[in-house]
Amino acid sequence: MTAPTDRDLEIVAAQLGREPRGVLAIAYRTPDGVPAVVKTAPRLPDGTPFPTLYYLTDPRLTAEASRQESAGVMREMTERLAADPELAATYRAAHESYLAERDAIESLGTDFTGGGMPDRVKCLHVLIAHSLAKGPGVNPFGDESVALAADHGLRGTAVPADWPAYYPKDGSTDE
């Protein structure tokens, strides 16, 4: 994580199509150095609560998150979450880590984190941002979505070339 430069904020504004708000850090850069995930303050400068600590900004990644969502990836993940206690425990740990990190900056007095954590999968944009910011091994569904993005042509461009591949327990590689 690095402090955002004026140039970083210009790039993020162009990516978002608006001025970024509450940016504390660039939490992840693509392999070519472009900001792709920002770490945001729990409250925006006007005082509005903003519980999304990690925000995805790279258009390639946001488009891929939307593609996965429309392909039913969230539904399948939520079904697995309900059926796999070990996966549910790992996902809950990701939620608790996210909440603790945000509360260390400023508590919003809520246990809402984002992405549906810890009980469902609601927003892959948030989960991908979390995984890219923290690296593999923290958020299982974010990790899977990043791996799917890598396999969908983003490896080495928007996703690190060495991001671990994802293979479901059944051994298939289909989404």
Rounded to the nearest 0.5 Å, what separates atom [atom1] in [X] from atom [atom2] in [Y]?
| X | Y | atom1 | atom2 | value |
| --- | --- | --- | --- | --- |
| Phe141 | Arg80 | CZ | CZ | 5.0 Å |
| Arg75 | Glu69 | CZ | CD | 12.5 Å |
| Asp8 | Gln15 | CG | CD | 9.5 Å |
| Tyr28 | Asp58 | OH | CG | 8.0 Å |
| Leu124 | Ser145 | CG | OG | 4.0 Å |
| Leu24 | Met1 | CG | CE | 10.0 Å |

Donor-acceptor pair, side chain of [X] and main chain of [Y], under 3.5 angstrom:
| X | Y | result |
| --- | --- | --- |
| Tyr54 | Tyr98 | no |
| Thr40 | Thr52 | yes |
| Ser97 | Ala93 | no |

> Stepwise, does the side-chain hydrogen bond (donor to acceptor under 3.5 Å, both in side chains) test hold for Ser131 with Asn139?
Replying inline: CA-CA 6 Å; Ser131 283; Asn139 189 317; 4.7 Å; no
> Under the salt bridge (Lys or Arg N to Asp or Glu O under 4.0 Å) rule, what pairs show up with a residue in residues 109-138, not counting sequence neighbours?
Replying inline: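 Qualifying pairs, neighbours excluded: Arg92-Asp119, Glu101-Lys134.
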For residues [X] and [Y], report the shortest heavy-atom separation together with the two atoms involved.
| X | Y | result |
| --- | --- | --- |
| Gln68 | Ala149 | NE2-N, 3.6 Å |
| Cys123 | Met74 | N-SD, 3.8 Å |
| Pro118 | Leu81 | O-CD2, 3.8 Å |
| Pro140 | Ala94 | CD-CB, 4.5 Å |
| Pro31 | Thr157 | CD-O, 2.7 Å |
| Leu108 | Pro42 | CD2-O, 3.4 Å |

Minimum side-chain heavy-atom gap [X]-[Y] below 4.5 Å:
| X | Y | result |
| --- | --- | --- |
| Leu127 | Tyr91 | yes |
| Ser66 | His125 | yes |
| Pro164 | Asp143 | no |
| Arg102 | Thr110 | yes |
| Thr48 | Arg21 | no |
| Leu53 | Thr113 | no |
| Val38 | Ile26 | yes |

> Is it true that the side chains of Arg29 and Thr2 contain a donor and an acceptor less than 3.5 Å apart?
Replying inline: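 Indeed, the side chains of Arg29 and Thr2 share at least one donor-acceptor pair under 3.5 Å.
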>> Other residues, nucleotides and ligands only: do more than 12 of their heavy atoms fall within 6.0 Å of CG on Asp6?
In response: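 Counting neighbours around CG of Asp6, 12 or fewer heavy atoms of other residues, nucleotides or ligands fall under 6.0 Å, so no.
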> So Arg60 and Thr30, side chain to side chain contact (heavy atoms under 4.5 Å, CB included) or not? Walk me through it.
Replying inline: CA-CA 10 Å; Arg60 297 166 296 180; Thr30 61; 3.3 Å; yes
Going hydrophobic residue to hydrophobic residue with side-chain gaps under 4.5 angstrom, can you get from [X] over to [Y]?
| X | Y | answer |
| --- | --- | --- |
| Val138 | Leu56 | no |
| Leu44 | Val37 | no |
| Ile11 | Leu16 | no |
| Val12 | Val126 | no |
| Leu99 | Val121 | no |

> Taking the six-membered ring for Trp, are Phe50 and Tyr55 parallel (under 30°), tilted (30 to 60°) or perpendicular (over 60°)?
Replying inline: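 Ring orientation of Phe50 relative to Tyr55: tilted.
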> Going through the checks in order, is the side chain to side chain contact (heavy atoms under 4.5 Å, CB included) test met by Val159 and Leu61?
Replying inline: CA-CA 9 Å; Val159 175; Leu61 291 165; 4.0 Å; yes
